[in-house]
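A short worksheet on the structure shown next.
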Amino acid sequence: MLIKLTGGKVYDPAHQVDGKVTDIYIRDGRIVEGQHDGEKIDEEYDLRGKIVMAGAIDMHTHIGGGKVNIARMMLPEDHRGDLVAHTEHCRAGCGHAAPSTLTTGYRYAEMGYTAGFEPAMMPVNARQTHLEMGDTPIIDKGGYAMLGSDDFFLRMLTAKQDQNAINDYVAWTLHASQAIGIKVVNPGGINAFKFNQRALDLDELNTHYQVSPRDVLKALSRAVHELGVPHPLHVHGNNLGVPGNMETTLKTMGASEGFPMHLTHIQFHSYGTEGDRKFSSGAAAIAEALNKHKNISADVGQILFGQTVTASGDNMRQFANAGHGSPKKSVIMDIECDAGCGVVPFKYKDQNFVNALQWAIGLEIFLLMEDPWRIFLTTDHPNGAPFTSYPHLIRLLMDKSFRNDTFAKLNLDAQAMSTLSSIDREYSLYEIAIMTRAGAAKLVGLHDRGHLGVGAGADITVYTDQPDREAMFAKPDYVFKDGELVVRNGQVVKVTWGSTHTVRPEFDRGIEKDLKKYFDRYHTINMENFKVRDDEIAEGGRGKVIIQACEGRREKSE
Amino acid sequence: MQSSGKSQTDSNSTIHEHVACPACGLLCDDLTVSRNASGILEVSPNTCARSVQFFQRPLVDTSPRIADKSSTLQEAIAKAAEILKKANQPLIAGLGTEVQGMRAVMQLADRTGATLDHMNSYSTLRNTLVVQNSGWMVTTLTEVRNRVDLLLIIGTDIVSYNPRFFERTIWNSETMFDQDTSKREVVYLGGRGLDTSQGISPAGVKPTVLECDIEQLPDVTAALRALIAGKQLQADSVADIPVAELAKLAERLQAAKYSVVTWISSAFDFPYAELTVQNITETVIKLNEKTRASGLPLGGSEGDYSVNQTSTWISGYPVRNSLQRGFPEYDPWQFDAERMLDNGETDALLWISCFQPEKTPPASAAPTIVIGHAAMQFEHEPDVFIPVGTPGLDHAGTMFRIDSSVTLPLAGLRKSALPSLAAVIDAIEAATQLD
Ligand code: SF4
Ligand SMILES: [Zn+2]
């Protein structure tokens, strides 16, 4: 089966293609050079005048696992506003802040996204996370396994076990939980909360383990790097949401001692304490530091106004924030000596000083960050806003007058505290393609996605070039997933099951001896049952497990 | 590395290790199951009466029946599909199944516009409504096993529902933080004549027992909540419990470093029990202003938690919900299966019970299909009966533990010709699409 996409304007930053008119050929789900001699074209799409990009990749979106399902269960009133009836191709569900799994897959695809990564998969909860992602159709998915507050790891740090042993444990976790990366949330803080600590700064000690977040970051960022895992340690820092936390964030950038690190939803970590209300934008300093630290990348976690729900592993901070919830309810959990979670519904209001400034801070960071390869477009779905608001966010980045008009309607005190309207930058299509495709694929380690080169998986999105970028990105003309047409005119026309991306770095299995002892003595489940098997993910024809290569594995450290 | 051992999936082998037991919400996975010469499964060494009964039930060989007459599986599937297709308001209830079974059921419900209710909804909703109204702070079994210093049990002995709870999570010999578990304190609050013997510590320390009628728990939990919030109570006693005793309990909770307050919603057999659950959970939240405390809902059976979780991620709603109008709707009152059956609001009942043969459908005038345990016996023979295997015995599956953060694989432990619920439901769904 050969498909030809003819005459589209292609944006493929991985190959420095910036709007060049190019034909693309797809054979059996992959992009190929062209026709064989005498081969006939089975399907041809006339894309003259259209914009062509790889399928978009959301590198940080809470789409599955315990806390997401708690959010769904907690919010019947939110579902009621966006109930989705079944159609010829799609099953029923619900949307908005905590959409059902099926609806999540359909809506991502309908926006031209072909992959999404769950960033806070607790290893002990990995099976549930994969079950939910397994019910999320069309898009590819994967998860970052959460470490850093788990007692096994903290015991290793306290015992000053050598880096090689830590690397083995990190690798074991990646295998057992079928993850593609490692995430740390409030490093050591989820654990400290169990010992009744209510805050933890970068160099503050966990009272029981006598280790600091800095120790955690150093050990984990190095482990991920030495194992050759493409995705750098994914860091949700300490002190989320706390005024003045920009200092923690600036210090955190140095904590990995040069190893690559990704700082997630950095907007929530970029607050100063200036002004009458002791809350100000730290965006300029944060962006400057990001520009300087080439080993650091970040996604923004933009907030947008309206009802949403915050769902996080950071139960320490979520407990502190629970009083601000709207509607006022929250679920806070300690979980299995592994981690924890906190779910708090939240409504961001444009006339609220703090919320309006948060909105501006996020955009300031986007616009002041020079290198689009190291900054990523997220709302930390659903924490800052539901992922369905991405087209709106793209317009804010690409359209200065639209941005300034929106800004002018916000809380006046917040406007006075922001430099946003003085920033002229408008993102180009090429830069959007970097942030949402090429850069994201590179960051996550998806070697055959996010680009349109020969050999890539044929995940392709086609848009009509429109001055209203929100309208343009909301409704692609065509979306191909692995070479199959799944969306036409912004509507699902075929439901497929995407794959699950993982990494499996080599490691010394001797670590299982310690782990087995730990499980047998302290845990309530057996170590063997902790591991998620391939057939549990790929059951019933729901897609397959793809193992992405860990290139550049480093020799073990002395 | 990725396989959890041959014994988990190979039904030919006669010994299976680290087997998970789906007979109650604890989902203990430290069982070894062996098959004796006559094909009976024996559990060791970590057993309880409930698991023994579950695993040792012999495999029955039953064929499907249509109107009490033996039929082929295909015929029974076709007949079931015909009944569902004809129905305007089908109801799928019982729902004694696990994740894979519920996934299939959700798809059939979408196709046929069915309403969904679990046989334990009356109980699970007492917790669900609290999560939806105010939320809660809760913990999980491994945390309890390693951290609890004061266990407060409200209105139950726990062991009639979760037999191995104390053995596994309270009197365990070791903890991660070198706690002497025999010093853990146990308090029973509410209920009368409970079996509190398992609350006696290995060192022989007896638990505190504060008795009252179960119906008085709303007053007692409200009083404890008020005391924790620092309010003075005017009365000397609440439901026969001296306020001084409650005040002492409040002090102990405030002094504890990691107290755990547990309850079992199905034991709260009185009206508006969710308000009592809320008294408990709000007490826990209040305690957390100064120290750490957590709730721990226990109980769980017939896959109730697995069904709720699966339904929630697929439709957005836990049971009771309905797809009758083409999109999901949630209404704990309207979609109550018993109420709908009593009022004639349904014109076909599909009843599912894969774990327990005793869980038969309520009497109903509606045409009835039962898909369930092969040993089921009926007072009123259903229009169609399709025996299926039990997950964790006859075929593999996935189950949620009561604390909902842990899901475990269930193994197929013996050779069985019985199909899985998911396979039968998928076939029925396919048949409803034929003209
Ligand atoms: S306590 Fe419950 S899960 Fe554990 S063995 Fe007994 S019945 Fe099974
Ligand atoms: Zn996040």
Side-chain angles (χ1 to χ4, degrees), chain A residues 64 66 68-70 72-76 79 83-86 91-94 98-103 122 124-125 127-128 131-132 135 151 155 175 193-196 208 319 322 328-338 343 509 521-526 528-529 531 533-534 536 539-540, chain B residues 1-5 8 18 20 28-30 99-100 103 107 110 128 131-143 145-147 168-169 174-177 257-258 288 291-292 294 308-310 312-318 323 325-330 398 400 404-409:
Chain A
V68 181
N69 222 28
I70 290 168
R72 293 187 188 105
M73 192 165 307
M74 272 173 89
L75 291 172
H79 305 333
L83 295 170
V84 183
H86 59 190
R91 284 169 56 188
C94 71
S100 58
T101 51
L102 296 155
T103 308
M122 249 180 295
V124 75
N125 190 245
R127 183 168 282 107
Q128 177 182 359
L131 283 167
E132 293 184 28
D135 275 330
D151 289 282
R155 287 159 70 92
H175 285 240
F193 185 50
K194 296 172 187 174
F195 293 105
N196 204 27
H208 177 77
F319 178 71
K328 195 159 180 291
K329 51 183 169 183
S330 60
V331 167
I332 307 286
M333 287 186 79
D334 295 335
I335 299 175
E336 288 301 272
C337 297
D338 203 35
V343 184
R509 272 144 217 256
R521 286 168 78 176
Y522 305 128
H523 227 286
T524 53
I525 71 175
N526 185 286
E528 293 303 330
N529 288 331
K531 301 173 189 169
R533 300 187 313 262
D534 283 4
E536 294 184 81
E539 78 182 298
Chain B
M1 177 74 210
Q2 291 308 315
S3 150
S4 69
Q8 279 284 301
H18 48 79
C28 307
D29 72 344
D30 56 352
V99 173
Q100 278 76 13
R103 266 181 170 166
Q107 175 139 347
D110 195 335
T128 306
V131 170
Q132 292 172 339
N133 184 268
S134 52
W136 61 19
M137 284 183 83
V138 290
T139 189
T140 68
L141 298 176
T142 301
E143 298 286 2
R145 180 177 163 103
N146 289 288
R147 294 181 194 272
R168 298 217 347 130
T169 52
E174 284 180 289
T175 78
M176 221 170 323
F177 311 109
K257 291 204 158 59
Y258 199 96
N288 276 284
T291 183
R292 287 308 318 274
S294 285
N308 257 335
Q309 291 278 348
T310 309
T312 301
W313 79 64
I314 290 178
S315 76
Y317 295 129
L323 286 144
R325 297 209 285 159
F327 50 83
E329 292 179 283
Y330 168 70
T398 311
F400 277 76
S404 75
S405 295
V406 172
T407 41
L408 293 177

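These numbers were taken from a predicted model, which means no experiment stands behind them. Reminder, nothing fancy here: chain letters follow the sequence lines and each chain counts from 1.
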Decide yes or no for A:V68 and B:W313: does some side-chain heavy atom of the first lie under 4.5 Å from some side-chain heavy atom of the second? no

Is there a donor-acceptor contact under 3.5 Å from the side chain of B:T312 to the main chain of A:N69? no

Under a 4.5 Å cutoff for heavy-atom pairs, which residue among B:Q107, B:K257, B:R168, B:Q100 has the most contacts with chain A? B:Q107

Can you list the residues that meet the salt bridge (Lys or Arg N to Asp or Glu O under 4.0 Å) rule with B:R325, with sequence neighbours excluded? B:E329

Check each atom of B:P318 against the heavy atoms of chain A and say whether the ones under 4.5 Å are side chain, backbone, both or neither. side chain

Okay, A:F193 and chain B: the region with an atom under 4.5 Å from a heavy atom over there is both

Tell me whether B:R145 forms a cation-pi arrangement with A:Y522, defined as NZ or CZ under 6.0 Å from the six-membered ring centre and within 45 degrees of its axis. no

Could you tell me whether the side chain of B:Q132 and the main chain of A:M74 form a donor-acceptor pair under 3.5 Å? no

Please report the C-alpha distance between B:R147 and A:D334 in whole Å, then the side-chain angles of each, then the deciding distance to 0.1 Å, and finally whether the salt bridge (Lys or Arg N to Asp or Glu O under 4.0 Å) criterion is met. CA-CA 11 Å; B:R147 294 181 194 272; A:D334 295 335; over 6 Å; no

Do A:D135 side-chain atoms and B:I314 backbone N/O form a donor-acceptor pair below 3.5 Å? no

With respect to chain A, which residue among B:T291, B:L323, B:T169 yields the maximal number of heavy-atom pairs within a distance under 4.5 Å? B:T291

Name the region of A:L131, side chain, backbone, both or neither, that has any atom closer than 4.5 Å to a heavy atom of chain B. both

Option in B:T128, B:T310, B:N133 with maximal non-hydrogen atom pairs under 4.5 Å from chain A: B:N133

Would a distance-only check, ignoring hydrogens and angles, find a side-chain to backbone donor-acceptor pair under 3.5 Å from A:H79 to B:Y317? no

Do A:Q128 and B:T407 pass the side chain to side chain donor-acceptor pair (under 3.5 Å) test, and can you show the C-alpha distance, the side-chain angles, and the key distance before you say yes or no? CA-CA 6 Å; A:Q128 177 182 359; B:T407 41; 5.7 Å; no

Between B:F400 and A:R127, is there a cation-pi geometry (under 6.0 Å to ring centre, at most 45° from the normal)? no

Spell out, as yes or no, whether a donor-acceptor pair under 3.5 Å connects the side chain of A:N526 to the backbone of B:D29. no

B:V138, B:L141, B:T139: which one forms the most heavy-atom pairs within less than 4.5 Å of chain A? B:V138

Part of A:V84 within contact of chain B (heavy atom distance under 4.5 Å): backbone

